[in-house]
Student: 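Quick one: structure below, then a few questions.
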Amino acid sequence: MADNLVLRRFMDDPGLTQAELAHRVNLEIARLTGKPGTVSERTVYNWLTGKTSWPPVKHREALRAVFGCTGPDLGFVQPEGGHRPHPEDDVKRRSFMTAVTGTALAVGSAAAAAPRRVGHSDVERLNTRFADVIASDHRHGGRLSIEARAEALADEALDLQQRGAASQRVRAALFGCAASFMSSALWAAIDGRRFDTALRHHERAASLAAMSGDAAIQFRIWSHAGSLYRHLRKPNEALAANDVARNLPIARRDPLFASLGHARHAAIHGLTGDVNAVRRSVGRAQDALDRAGTSDVRPVWLAAHYDQAELDSLALAAHLALGRYEDAEFHAHRSLGLLRPHMQRSRAITNSRLARAQLGQGDLEPAVTTAMAVPAELAAHPRVAGMLDRFGSALLDVAPNSPHAQLWDQYTHDNRRTSA
């Protein structure tokens with residue numbers, strides 16, 4: 001009997017407790033069967049400790065609805081000979097699937113069941129799970145598990161679209177949900193440096209967003225595309241993609257959207273070496289942010305992500321690319337002072353950039369101290385790891401024989417040995 005570490009990781013990503021997972025599973029059982037579920041915290045504990053290695057079919061189907069993954073994908077192990085189920089298990093599965101699908105198992109012909117009606121409650125359920133994906137991204141970011149989960153949830157939204165009867169408004173909302181999940185899969189791939197995958201996700205996400213008619217999610221997707229091309233160091237494509245986002249009507253109506261568009265434009269302009277364009281874009285981003293009302297209702301992905309700290313983070317990236325290290329350090333310190341406590345990955349990214357800005361000014365000791373302050377777990381994040389590698393290379397170029405370079409070399413060697 002071994003702990004189910006896979007399921008634990010899937011719970012940790014969105015920060016689910018055992019009680020919360022039990023509640024969600026019971027809701028899915030009720031939705032699928034019309035009868036309340038009886039999963040308890042003890043049930044979840046048995047899953048996590050391996051005492052229950054293969055839950056009953058209704059629990060597996062409900063877990064699949066919660067996480068978008070099959071039993072084996074969640075770390076459950078089918079008993080030996082599972083490919084030849086016991087007759088009693090087969091009966092149970094047929095009974096459950098009968099309840100789920102609403103079809104009657106009978107000898108001879110049976111009348112086809114009417115399609116399930118899909119309504120706003122289904123959209124709200126998907127939106128709740130989208131909020132979980134956003135929270136997971138802020139906590140960890142870049143993980144393949146986040147990308148896979150978001151893509152699976154997009155498929156679930158489309159499955160409801162295809163199999164259920166719904167109003168045109170609900171159908172548009174389902175396309176919006178699918179586009180939202182794909183936008184998170186896109187960002188997870190960008191953040192994890194899986195750029196070829198990100199390009200494929202963008203194509204699908206943009207198509208779904210167009211069918212939804214949701215300008216907010218279209219903005220997110222094209223803004224992410226701008227970031228993708230920026231990371232690929234293709235500034236012309238990045239500016240063009242970000243312009244699609246900035247020219248959407250929502251960016252003209254809502255100054256918070258406008259501010260994010262300008263701030264990301266500034267980061268892209270940093271790659272072009274255009275100091276005036278960076279200053280102009282940062283100034284416009286700040287003006288728009290100052291005009292943005294804090295009480296307005298906005299999408300969860302924007303409200304949870306974009307604020308003064310993120311504006312300064314993007315300005316930091318722009319000035320760092322320009323080699324304007326003093327300005328970069330200013331924005332880094334202001335961003336760090338304003339970051340919300342749960343934004344630990346953003347803090348690690350900002351500290352990594354701050355270390356490079358300090359190094360660029362010849363401040364070797366503060367630079368190494370700042371870089372070493374990045375927690376080891378976050379230093380393994382693909383983006384952070386790349387930044388710290390470039391910091392180490394720059395340190396060797398500037399002061400190859402200095403005690404600071406030796407300290408950094410020993411620190412990275414010890415970290416690799418510890419994590420091996």
Side-chain angles (χ1 to χ4, degrees), residues 131 134-135 137-138 141 180 183 187 190-191 214-228 230 235 238-239 241-272 274-322 324 326-347 349-351 353-354 357:
I134 296 294
D137 172 68
H138 286 166
S180 297
S183 70
W187 182 250
I190 295 170
D191 208 27
D214 186 335
I217 201 60
Q218 290 179 49
F219 180 98
R220 187 185 195 217
I221 289 163
W222 282 103
S223 184
H224 280 347
S227 296
L228 169 59
R230 175 166 64 89
L239 289 169
N242 199 51
D243 269 336
V244 175
R246 296 198 311 147
N247 290 329
L248 288 167
I250 197 167
R252 294 193 292 272
R253 291 196 308 268
D254 190 330
L256 194 64
F257 282 87
S259 180
L260 176 55
H262 290 310
R264 284 187 165 158
H265 233 50
I268 299 166
H269 277 306
L271 293 181
T272 70
D274 191 334
V275 176
N276 290 331
V278 167
R279 287 177 173 167
R280 184 167 56 250
S281 293
V282 170
R284 288 173 176 171
Q286 190 65 62
D287 290 344
L289 182 62
D290 292 342
R291 289 186 284 106
T294 57
S295 61
D296 295 346
V297 177
R298 294 187 172 96
V300 63
W301 61 264
L302 183 64
H305 166 71
Y306 187 67
D307 54 13
Q308 184 67 58
E310 179 62 15
L311 192 163
D312 280 301
S313 177
L314 290 164
L316 158 62
H319 285 291
L320 197 60
L322 290 171
R324 299 177 62 86
E326 188 174 346
D327 289 336
E329 182 173 5
F330 166 79
H331 286 289
H333 285 301
R334 193 162 72 166
S335 180
L336 289 169
L338 296 171
L339 272 172
R340 285 171 267 187
H342 68 280
M343 307 285 278
Q344 293 303 309
R345 177 197 45 169
S346 295
R347 186 171 298 277
I349 289 171
T350 303
N351 269 317
R353 287 174 173 158
L354 171 59

Student: Any idea which heavy atoms bring Ile268 and Gly226 closest together, and the distance?
Tutor: CD1-O, 4.2 Å
Student: Ignoring hydrogens and angles, state whether a donor on the side chain of Asp312 or Gln308 is under 3.5 Å from an acceptor on the partner side chain.
Tutor: yes
Student: Of all the heavy-atom pairs spanning His265 and Ser281, show the shortest one and how long it is.
Tutor: CB-OG, 4.0 Å
Student: Rounded at 0.5 Å granularity, tell me how far CZ in Arg220 sits from CG in Leu248.
Tutor: 15.0 Å
Student: State which residues pass ring-ring contact (aromatic ring centres under 6.0 Å, His included) with His262; sequence neighbours excluded, sorted by chain then number.
Tutor: none
Student: Which residues satisfy the side-chain contact (heavy atoms from CB on, under 4.5 Å) test with Ser259, sequence neighbours excluded?
Tutor: Ala285, Ala288, Leu289, Tyr306, Leu311
Student: How long is the gap from CG on Leu256 to CG on Leu302, to the nearest 0.5 Å?
Tutor: 4.5 Å
Student: Using modelled atom types only, decide if a donor and an acceptor are shared between the side chain of Asn247 and the backbone of Asp243 within a distance under 3.5 Å.
Tutor: yes
Student: Under the salt bridge (Lys or Arg N to Asp or Glu O under 4.0 Å) definition, can you give me all pairs with a residue in residues 275-289, not counting sequence neighbours?
Tutor: none
Student: Between Phe219 and Phe257, what is the ring plane arrangement, given parallel below 30°, perpendicular above 60°, and tilted in between?
Tutor: perpendicular
Student: Checking the side chain of Thr350 only, and the main-chain atoms of Arg347 only, is there a donor and an acceptor separated by less than 3.5 Å?
Tutor: no
Student: To the nearest 0.5 Å, tell me how far His331 NE2 sits from Leu314 CG.
Tutor: 10.5 Å
Student: Just do the side-chain hydrogen bond (donor to acceptor under 3.5 Å, both in side chains) check on Gln286 and Asp290 with the steps written out, would you?
Tutor: CA-CA 6 Å; Gln286 190 65 62; Asp290 292 342; 3.1 Å; yes
Student: Checking side-chain contact (heavy atoms from CB on, under 4.5 Å) for the pair Arg334/Leu316: CA distance, chi angles, key distance, verdict?
Tutor: CA-CA 10 Å; Arg334 193 162 72 166; Leu316 158 62; over 6 Å; no
Student: Which pair of non-hydrogen atoms, one from Ala304 and one from His342, has the smallest distance, and what is that distance?
Tutor: O-NE2, 4.4 Å
Student: If you measure from CD1 on Ile190 to NE2 on His224, what distance do you get to the nearest 0.5 Å?
Tutor: 6.5 Å
Student: With rounding to the nearest 0.5 Å, note down the distance linking CD1 in Ile250 to CD1 in Ile217.
Tutor: 10.0 Å
Student: Would you confirm whether Asn242, through its side chain, and Ser227, through its main-chain N or O, come within 3.5 Å as a donor-acceptor pair?
Tutor: no
Student: Quick check: closest heavy atoms across Pro255 and Arg291, and the distance to 0.1 Å?
Tutor: CB-NH1, 3.7 Å
Student: State, to 0.1 Å, how close Met343 and His305 come at their nearest heavy-atom pair, and which atoms those are.
Tutor: CE-O, 4.3 Å
Student: What's the spacing between Arg340 CZ and Ser346 OG if we round to 0.5 Å?
Tutor: 9.5 Å
Student: Contact between Ser313 and Arg353 at the side-chain level, heavy atoms closer than 4.5 Å - yes or no?
Tutor: yes
Student: If I compare all heavy atoms of Leu336 with all of Asn351, which pair ends up nearest, and what's the gap?
Tutor: CD1-OD1, 3.4 Å
Student: Heavy atoms, side chains only, cut-off 4.5 Å: are Asp191 and Arg345 in contact?
Tutor: yes
Student: With the side chain counted from C-beta on, respond yes when Arg230 and Arg264 share a heavy-atom pair under 4.5 Å apart, and no when they do not.
Tutor: no
